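A quick note: this is a predicted structure, and the numbers were derived from the prediction, not measured. All values below come from the heavy atoms of this structure, side chains included, with hydrogens, waters and symmetry mates left out. Chain letters run A, B, ... following the sequence lines, proteins first and then strands; every chain starts at 1.
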Amino acid sequence: MAEERSLNFIEEIIEEDIREGKNSGRVLTRFPPEPNGYLHIGHAKSICLNFGLALEYNGKTNLRFDDTNPVKEDVEYVDSIKADVKWLGFEWAEELYASDYFDQLYELAVAMIKKGLAYVDDSTPEEIATQKGTPTEPGKPNQYRSRSIEENLTLFAEMKAGKYPDGAKVLRAKVDLASPNMHMRDPIMYRIKHAHHHRTGDAWCIYPMYDFAHGQSDAIEQITHSICTLEFIPHRPLYDWFIEELNLFPSKQYEFARLNMTYTVMSKRKLLQLVEEGHVEDWDDPRMPTISGLRRRGYTPKSIREFCERIGVAKRENMIDVSLLEFCIREDLNKSAWRRMAVLDPIKLVITDYPEGKTEMMYGENNPEAEDGDGGREIPFSRELWIEREDFMEIPPKKFFRLGVGLMVRLKNAYIVKCESFVKDAEGNVTEVHCTHIPESKSGGDSSGISVKGTIHWVSVPHAKTAEVRLYDRLFQVEDPSNEEGDFKSYLNPNSLHIIETAYIEPELAKAEPGVGYQFMRKGYFTLDKNHSKADKLVFNRTVTLKDGWVKK
RNA sequence: UUUCCAGUAGUGUAACGGUAGCACAUCAGAUUCUGGUUCUGCUUGUCGAGGUUCGAAUCCUUGCUGGAAAACCA
């Protein structure tokens with residue numbers, strides 16, 4: 001029973017290509033990050049698209065680092081990118097680097113010179129910019145454009161040999177200075193940079209530009225569908241032109257709209273700024289939209305893949321509501337995360353008619369969503385418990401299904417209790433809630449016949465362990481900080497991180513493992529923070545809250 | 001005001017000339033030993049104007065709106 005599923009526009013193109021027998025039905029995509037920053041959720045969209053398409057059409061995907069600008073690139077980024085792609089659950093066919101092709105690219109450039117389609121230009125960047133004209137005015141050729149092939153060959157060889165300083169000369173394609181497309185007005189192919197490259201070391205002092213590296217790398221690898229974002233649309237004629245003139249494998253470029261998400265920023269430049277200026281801990285700060293940040297926050301690869309599936313692929317600019325991402329992680333964790341009890345903002349509940357010094361072991365299933373509860377664990381219960389401050393109200397409003405004098409609630413996995421009184425300190429803060437319990441109402445063997453509307457969670461005072469808990473809110477206060485007036489950083493949410501130094505957790509949680517998500521009942525999903533947790537001090541990150549249907553009146 | 005891309009509920013995304021659907025969000029209600037989950041239901045949409053056609057979200061013209069495009073970045 002194949003489910004009717006509509007295709008996105010790229011799938012339609014691929015199916016059309018397969019139908020027509022193009023490339024004998026072969027599909028080879030590539031994910032081409034520049035190793036100059038950490039991957040974010042926007043890259044995840046591209047990764048899921050490229051790898052997903054290959055999986056769907058029996059093809060393959062190369063991981064290719066677009067490392068043609070040595071001054072911005074670093075192995076640190078290469079390593080993090082590989083780790084993130086793997087963590088997302090994808091396997092690349094080959095790990096490649098544009099720098100692997102430097103020799104071939106150089107030869108291709110020489111071929112262009114020999115065809116009379118490239119020349120060495122001695123102009124300064126400013127001169128080149130002026131000579132290019134504007135979108136409404138054509139550019140003007142300069143004296144260098146008419147250099148002979150022999151002279152260009154010699155000069156280009158000398159550039160490669162290191163005879164000239166940075167910026168002294170560039171190699172330009174000879175296309176069309178009057179083109180309405182600025183990228184066709186004799187784009188730069190090579191520039192001189194006496195810089196150390198993370199892979200090729202000091203072997204080169206000239207490096208190809210994106211336009212003379214990306215398409216050529218695609219062609220060398222025989223990529224069938226080269227998928228990139230919208231801003232490369234104007235580059236496509238150039239992409240095709242080089243391939244045509246050099247008679248290379250005809251890779252085709254297709255463009256889709258990048259992901260934007262509310263309450264965050266999605267540019268490597270801006271994310272780098274947040275890191276460098278210390279607005280966040282690092283690239284993997286749980287508030288960051290980076291893959292590593294989401295991982296540390298407790299997001300699962302599956303939830304991110306699901307998110308990328310749901311947002312779709314199209315050519316129009318979009319702004320995805322972050323609540324969709326939250327929906328995806330809740331959906332996943334609801335089915336898989338074990339339930340535990342933790343009290344984040346404690347007040348003491350005393351069961352006055354329960355024997356002092358007595359401990360009962362209560363049973364709680366791990367996950368009510370699983371068939372058999374996914375097993376369970378024992379939870380110690382005693383006369384004094386920690387409960388959530390917000391679960392008691394001195395003057396409860398109507399439909400408050402928690403504690404208040406005279407009200408009854410069930411203590412999850414334990415007894416029904418009735419609130420009799422409470423104690424206040426000198427400042428008027430409630431410090432203790434006193435209850436009596438219904439002995440016949442014990443979970444699993446309730447014969448009391450009493451039904452209550454509310455159930456609250458608790459942790460036994462003498463058995464409680466402690467942990468630090470970190471609560472996160474959106475990083476920015478406005479939906480689209482990049483589109484606001486002034487500095488995007490002035491819209492940072494000052495309360496995006498709230499640290500609870502001491503929360504009480506049930507003893508079982510002391511065994512929490514890194515990388516595993518838990519549901520703290522009624523509070524949300526949490527996971528151990530891999531950076532801050534130590535054996536003697538647990539630190540939990542809140543991945544996401546539970547959906548809250550309780551609206552105060 | 002040069003060229004290119006794009007306009008479908010609040011946000012995304014389908015419908016490929018033939019009943020505008022789905023998801024998230026929102027709001028109601030049912031169920032619930034998590035005010036979670038699950039279930040049910042409601043509200044809300046084709047940018048405007050012309051045309052072609054028996055019939056237009058879809059094709060054509062035009063206007064409007066948004067975005068992109070000039071870096072020795074990718």
Side-chain angles (χ1 to χ4, degrees), chain A residues 4-8 12 32-34 36 66-69 71-73 98 121 123-125 128-130 132-139 166-172 179-183 185 188-193 206-207 209-211 213-214 228-237 255 257 262 268-269 307 310-328 330-331 334-335 339 341 364 368-369 399-402 409-414 416 441 443-444 446 451-457 479 519-525 545-551:
Chain A
E4 263 320 299
R5 189 180 145 266
S6 54
L7 303 175
N8 65 48
E12 281 180 0
E34 183 189 10
N36 69 343
D66 229 335
D67 56 350
T68 56
N69 187 3
V71 301
K72 290 190 176 173
E73 297 153 7
D121 192 324
S123 310
T124 64
I128 289 179
T130 329
K132 268 196 182 178
T134 67
T136 50
E137 282 171 67
D166 287 7
K169 287 176 167 45
V170 290
L171 182 71
R172 284 229 260 173
S179 172
N181 182 339
M182 297 299 287
H183 294 279
R185 321 247 266 223
I188 291 169
M189 295 165 65
Y190 267 90
R191 77 286 215 191
I192 301 170
K193 272 181 198 281
I206 56 171
Y207 293 92
M209 297 285 288
Y210 169 85
D211 286 307
H214 199 100
C228 60
T229 46
L230 256 27
E231 64 267 32
F232 291 98
I233 289 177
H235 294 251
R236 195 190 331 131
E255 312 86 8
T262 54
K268 277 197 255 183
R269 203 194 94 250
F307 172 74
R310 283 175 181 259
I311 58 178
V313 178
K315 297 190 74 157
R316 68 184 93 106
E317 305 277 338
N318 59 79
M319 177 63 77
I320 306 285
D321 197 323
V322 69
S323 64
L324 181 61
L325 216 211
E326 295 177 343
F327 167 83
C328 291
R330 287 192 189 108
E331 183 188 43
N334 175 50
K335 295 208 174 70
R339 272 56 171 175
M341 293 198 283
E369 296 299 309
K399 296 211 176 171
F400 183 72
F401 306 139
R402 308 181 203 177
V409 294
R410 167 163 307 274
L411 296 171
K412 180 71 189 174
N413 297 130
I416 291 174
S441 66
S443 293
D446 186 352
S451 73
V452 292
K453 286 291 256 181
T455 299
I456 65 170
H457 59 99
E479 283 203 352
Q519 185 193 102
F520 289 3
M521 297 196 84
R522 305 207 302 139
K523 293 275 91 180
Y525 295 98
T545 60
L546 250 29
K547 205 166 108 185
D548 192 3
W550 162 241
V551 278

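In this structure, the CZ atom of A/Arg410 is 18 Å from the P atom of B/G36, given to the nearest Å. In this structure, A/Ile188 atom CD1 and B/A70 atom P are separated by 13 Å, rounded to whole Å. Here the P atom of nucleotide B/C24 and the NZ atom of A/Lys547 are 8 Å apart, to the nearest Å. Atom pair A/Arg269:CZ and B/A71:P shows a separation of 16 Å (rounding to whole Å applied). If you take CE of A/Met209 and C1' of B/A74, they are 9 Å apart, rounded to a whole angstrom. For the pair A/Arg339 CZ and B/U34 P, the computed distance is 11 Å after rounding to whole Å. Atom NE2 of A/His183 is separated from atom P of B/A74 by 13 Å (rounded to the nearest Å). Rounded to an integer number of Å, the gap from CD1 of A/Ile192 to P of B/C72 is 14 Å.
Contacts of A/Glu369 with the nucleic acid, taken as non-hydrogen atoms under 4.0 Å apart, include base atoms. No engagement by A/Arg185 is indicated, since no non-hydrogen atom pair under 4.0 Å with the nucleic acid exists. Within 4.0 Å of A/Asn318, counting heavy atoms only, lie sugar-phosphate atoms of the nucleic acid but no base atom. Counting any heavy atom pair closer than 4.0 Å across all strands shown, A/Pro32 reaches no nucleic acid atom. Among the atoms of the strands shown, none is found under 4.0 Å from any heavy atom of A/Val452. Among the atoms of the strands shown, none is found under 4.0 Å from any heavy atom of A/Asp446. Across all strands, A/Phe232 comes closer than 4.0 Å to base atoms (heavy-atom distances). Note on A/Gly167: a base of the nucleic acid sits closer than 4.0 angstrom, heavy atoms only. Within the nucleic acid shown, A/Phe327 comes within 4.0 Å of sugar-phosphate atoms alone, with no base atom in reach, counting heavy atoms only. Among the heavy atoms of the strands lying under 4.0 Å from A/Gly444 is at least one base atom, whether or not backbone atoms are also near. Across all strands, A/Ser123 comes closer than 4.0 Å to base atoms (heavy-atom distances). Residue-level contact check: A/Met521 touches the bases, meaning some heavy atom is under 4.0 Å from a base atom. Nucleic acid contact for A/Leu546: base, since at least one base atom lies under 4.0 Å from a heavy atom of the residue. Counting any heavy atom pair closer than 4.0 Å across all strands shown, A/Lys399 reaches a base atom.
Summarising the geometry of A/Met209 relative to A/Ile188, their closest heavy-atom pair is CG-O, 3.3 Å, with the distance given to 0.1 Å.
The backbone N or O of A/Val322 sits less than 3.5 Å from a side-chain atom of A/Thr262, completing a donor-acceptor pair. Side-chain N or O atoms of A/Arg191 include none that pairs as donor or acceptor with a backbone N or O of A/Ile206 at under 3.5 Å. A donor-acceptor contact shorter than 3.5 Å is absent between the side chain of A/Asp121 and the backbone of A/Arg172. Put simply, the side chain of A/Ser441 gets close to the backbone of A/Ile416: a donor and an acceptor are under 3.5 Å apart.
Defined by atom type and a distance below 3.5 Å, a donor-acceptor pair is present between the side-chain atoms of A/Asp66 and A/His214. Of the N and O atoms on the side chains of A/Asp321 and A/Ser323, at least one donor lies less than 3.5 Å from an acceptor on the other residue.
Annotation: B/U44 and B/A30 have their C1' atoms spaced 24 Å apart (nearest Å). A distance of about 15 Å separates the C1' atoms of B/G21 and B/U58, rounded to the whole Å. To the nearest whole angstrom, the two P atoms, one in B/G36 and one in B/C24, are 16 Å apart. Between the P atoms of B/U43 and B/G51, the separation comes to 33 Å (whole Å). Between the C1' atoms of B/U46 and B/U38, the separation comes to 34 Å (whole Å). On the C1' atoms, B/A49 is 23 Å away from B/A9, given to the nearest whole Å. The same atom, C1', is picked in B/U53 and in B/C47; the two are 23 Å apart, to the nearest Å. When the P atom is used for both B/G41 and B/A23, the distance is 11 Å, rounded to whole Å.
Side-chain N/O atoms of A/Glu479 and base N/O atoms of B/G10 include no donor-acceptor pair closer than 3.5 Å. One cannot find a donor-acceptor pair under 3.5 Å joining the base of B/C24 and the side-chain atoms of A/Ser323. Counting atom types as modelled, A/Arg522 pairs no side-chain N or O with a base atom of B/G35 as donor and acceptor under 3.5 Å. Side chain A/Gln519 to base B/U34: a donor-acceptor pair is found below 3.5 Å. On a pure distance criterion of 3.5 Å, no polar donor-acceptor pair joins the side chain of A/His235 and the base of B/A68. In the interface, the side chain of A/Arg330 is not paired with the base of B/U37 through any donor and acceptor atom under 3.5 Å apart.
Using a 4.0 Å cut-off, no side-chain N or O of A/Lys315 falls inside it from OP1 or OP2 of B/G67. Between A/Arg316 and B/U13 there is a side-chain N or O to OP1 or OP2 distance below 4.0 Å. For the pair A/Arg191 and B/C73, the criterion of a side-chain N or O lying under 4.0 Å from OP1 or OP2 is met. The phosphate of B/A74 (OP1 or OP2) has a side-chain N or O of A/Thr68 nearer than 4.0 angstrom.
Between A/Leu411 and A/Tyr190, it is A/Leu411 whose nearest contact on RNA chain B lies nearer the 5' terminus. Heavy-atom nearest nucleotides on RNA chain B were determined for A/Ala314 and for A/Gly454, and the one closer to the 5' end corresponds to A/Ala314.
If you check B/U61 for Watson-Crick or wobble pairing at under 3.5 angstrom, you find it paired to B/A49. Base pairing analysis places B/G21 opposite B/U13; the two distances defining the Watson-Crick or G-U wobble pair are each below 3.5 Å. Across all strands shown, B/U32 has no partner, as no Watson-Crick or G-U wobble contact with both distances under 3.5 Å is found.
Ring-plane geometry between A/His235 and A/Tyr210 is classed as perpendicular, the angle between the planes exceeding 60 degrees on a 0 to 90 degree scale with a lower cut at 30.
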